[in-house]
There are 2 protein chains.
Amino acid sequence: MKSKPKGVRRHVTIREVAKAAGASVSTISAALNNSDYVSADMRSRIEVAIKTLKYCPNDLARGLRLQKTHSLAIVVPDLSNNFYIELVRGVKDYSASASYTVLIGDSRESWEEERNYLDSFHRRRVDGVVRVPAMNAVGGRARAVLGNLPVVYADRHPRERDTYVGRVGVDNTQAAESATSYLLSLGHRDIGIITGDASSGTSRDRLRGFISAIRSAKIRLDRSAIQAGHNDMESGHFHAMQLLTRGQRPTAIFCTNNMMALGALAAIQEIGLACPEEISLLGFDDFYWATLLRPRLTVVRQPAREIGMIAARILIDHIEGRVSIPTPALLKTQLVVRDSCCPPKKM
Amino acid sequence: MKSKPKGVRRHVTIREVAKAAGASVSTISAALNNSDYVSADMRSRIEVAIKTLKYCPNDLARGLRLQKTHSLAIVVPDLSNNFYIELVRGVKDYSASASYTVLIGDSRESWEEERNYLDSFHRRRVDGVVRVPAMNAVGGRARAVLGNLPVVYADRHPRERDTYVGRVGVDNTQAAESATSYLLSLGHRDIGIITGDASSGTSRDRLRGFISAIRSAKIRLDRSAIQAGHNDMESGHFHAMQLLTRGQRPTAIFCTNNMMALGALAAIQEIGLACPEEISLLGFDDFYWATLLRPRLTVVRQPAREIGMIAARILIDHIEGRVSIPTPALLKTQLVVRDSCCPPKKM
DNA sequence: TGAATGTCCCAAAACGTTTTGGCTTTGGCT
DNA sequence: AGCCAAAGCCAAAACGTTTTGGGACATTCA
């Protein structure tokens with residue numbers, strides 16, 4: 001009655017390996033973490049036992065004992081946005097090189113979902129998380145669900161007062177300012193901007209850069225030319241429509257993220273305006289198929305992959321006790337000029 | 001000397017909650033899994049203890065004890081392909097509704113990477129995995145690394161002889177056949193096809209459908225019009241170039257996945273051909289920005305999200321012992337006619 | 001007045017690892 | 001001979017949960 005395996009075969013443990021190899025449990029463990037003394041003979045016996053039994057280490061037990069899982073988590077707001085895929089891959093690649101494993105969360109810009117992910121990762125006892133907070137995470141206290149897990153923020157700012165271990169992104173103000181200057185230099189005087197939600201520091205920075213560029217060009221700032229979207233295609237479309245159908249149509253639109261640029265492009269095509277001849281369009285974030293669009297999109301490119309890699313580095317360094325002070329890392333952006341901007345038509 | 005916390009604060013355990021609430025460890029556990037008898041008074045005391053101590057359950061210990069983690073894994077070959085994002089979201093959404101958690105792997109069409117993910121998931125003791133095997137996973141024995149974890153295959157076939165618990169995708173042969181018939185009905189007689197690697201059953205099926213349609217139209221099959229790519233943009237571009245620059249240029253190209261369709265479109269634009277007037281282009285897999293391209297891409301659409309949901313359902317049903325027989329589920333595809341195909345020019 | 005049944009709680013054993021401290025041998029050195 | 005260090009191995013204690021098999025009461029029933 002005790003030897004009934006009851007249908008479902010369980011996993012083979014280190015103990016059975018020990019039996020098969022004629023060794024003790026502790027010796028197997030020593031062999032696995034190839035440290036300590038273990039004779040060549042014993043080692044090979046253990047190896048064949050592992051092979052024949054198809055032993056697979058249990059990371060739950062390991063993590064429990066070690067109080068450390070050698071794993072990170074990353075939560076991004078939108079996996080269908082290629083920018084975040086690249087960022088995730090950066091995190092993943094750096095982590096792999098430091099033999100950390102990474103868990104991915106896709107919050108879809110929802111704080112509810114993000115909280116679920118953060119909680120789940122915390123319960124799994126990841127060693128740290130890189131976080132790109134969801135847009136609507138304003139009221140949420142991420143700290144409450146994260147305990148004292150080390151966090152590094154990537155791309156977006158921490159919204160709440162939160163303690164973090166690092167922060168990495170681009171100089172959004174400067175990037176937006178120089179992008180706007182580019183439009184100004186083409187001769188545009190009436191420029192619309194579609195920003196992300198004002199609750200986001202990143203959006204605010206980009207807007208600030210825009211305004212600053214307009215101001216230093218001594219142009220009157222038209223408040224109604226500032227539209228606050230939600231970083232998705234729909235709102236890009238909607239707000240572009242707003243801009244394009246009002247009395248005085250702008251000659252250029254600056255979108256502060258790629259999804260909204262796509263939505264704006266859709267709106268432009270829908271209305272039947274010629275881009276860039278009748279309306280210039282400038283996006284934020286590059287993506288691999290931007291050159292497939294007609295016109296090929298002019299954008300300011302962020303080093304997504306690099307942001308991810310640096311975030312992972314900061315996090316892992318901290319976890320392993322190599323750095324103590326918070327390091328805000330500001331990376332360079334790059335204006336990628338393609339076909340979607342040109343001088344405005346003379347009227 | 002024993003009370004030195006040594007810098008890093010550890011996580012609070014159920015034991016400390018017990019102390020704070022004046023209860024025993026087992027009572028806390030009972031309260032957490034809100035079952036059994038636990039008085040209202042005790043329950044509330046426990047709740048405040050949990051709140052004030054910021055207790056977060058340890059899923060490692062839980063999984064270890066329970067021999068079950070309530071989590072699934074999904075491994076896809078390319079996260080930057082929107083089709084797989086939708087699929088992942090399907091898996092995620094269904095799983096969430098069954099209160100399972102899901103881990104995501106992105107193999108980038110590399111068997112090495114896929115193996116790493118599968119291994120890592122196995123060590124984490126996920127309860128099952130839905131797998132979309134990497135293209136080059138031909139020689140790999142996934143079973144060797146998966147032990148007897150239940151697997152359901154999604155989108156692509158199992159390559160090796162593998163035991164699986166379910167399989168879900170579309171009827172690729174039929175889909176390709178009817179897509180080809182559509183091109184034939186437009187009047188095309190010289191159609192090129194860019195397929196995925198021949199090692200993939202899915203690619204083979206689609207090619208088979210193509211050939212079958214050509215045959216039943218009593219058209220001579222031109223072997224050189226069949227190009228085997230690797231499901232990425234580069235090879236789509238390359239093979240489209242091959243097709244477009246040879247002596248007798250086809251009047252239509254059928255790409256059996258969306259990435260290759262993009263590559264082909266790039267090639268067409270590069271050469272300066274008018275699409276669809278001079279060359280029709282038909283893709284496989286729809287994506288949210290397909291309508292932003294000029295021409296808007298005509299594609300055969302797979303219900304990506306639904307595939308994911310069904311895969312998750314099959315897997316979870318099996319895990320919880322609700323189904324026994326392997327169920328191959330074949331979903332319907334849909335031809336989404338847009339602007340990239342038209343009748344061929346008369347010569 | 002027992003006995004039976006509920007209700008509420010607890011101690012201890014398990015889950016699969018790693019680590020600590022110790023136990024034999026062996027061989028080399030005085 | 002006596003001693004010591006090193007090499008090779010092991011038993012047992014943790015890590016944080018859940019579950020099992022009770023124990024101590026209070027209430028109800030015959």
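Labels below follow one simple rule: chain letters A, B, ... track the order of the sequence lines, proteins then strands, and each chain is numbered from 1.
For the salt bridge (charged side-chain N to carboxylate O under 4.0 Å, His left out) test, no residue two or more places apart in sequence or in another chain qualifies with K19(B). The side chain to side chain donor-acceptor pair (under 3.5 Å) search around E306(A) returns none, not counting sequence neighbours.
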Encode nucleotides 9-17 of chain C as B, S and - characters from 5' to 3', where the letter depends on protein heavy atoms closer than 4.0 Å: B to the base, S only to sugar-phosphate, - to neither.
SBB-BBBBB
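Taking atom CD1 on I28(A) and atom P on dG8(D), their separation rounds to 16 Å, with Å as the unit.
Put simply, the side chain of T69(A) gets close to the backbone of R125(A): a donor and an acceptor are under 3.5 Å apart.
Direction of the helix axis in the helix from dT1(C)-dA30(D) to dT30(C)-dA1(D) shifts by 60° between the two five-pair termini, rounded to 10°.
Pairs passing the side-chain hydrogen bond (donor to acceptor under 3.5 Å, both in side chains) check and including a residue from residues 94-107 of chain A, sequence neighbours excluded, read K68(A)-Y100(A), Y100(A)-E320(A), D106(A)-R89(B).
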Output a table of donor-acceptor pairs, distance under 3.5 Å, between side-chain atoms of residues 48-57 of chain A and any protein atom two or more places apart or on a different chain; print 'none' if there are none.
unit_1, atom_1, unit_2, atom_2, d
T52(A), OG1, V48(A), O, 3.3
T52(A), OG1, A49(A), O, 3.3

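Looking at R108(A) and E114(A), no side-chain N of the basic residue comes within less than 4.0 Å of a carboxylate O on the acidic one, giving no salt bridge.
Put simply, the side chain of R43(B) does not reach to within 4.5 Å of the side chain of T27(B), judged on heavy atoms.
The minimum heavy-atom distance linking D127(A) with P150(A) is given by the pair O-CG, 3.2 Å.
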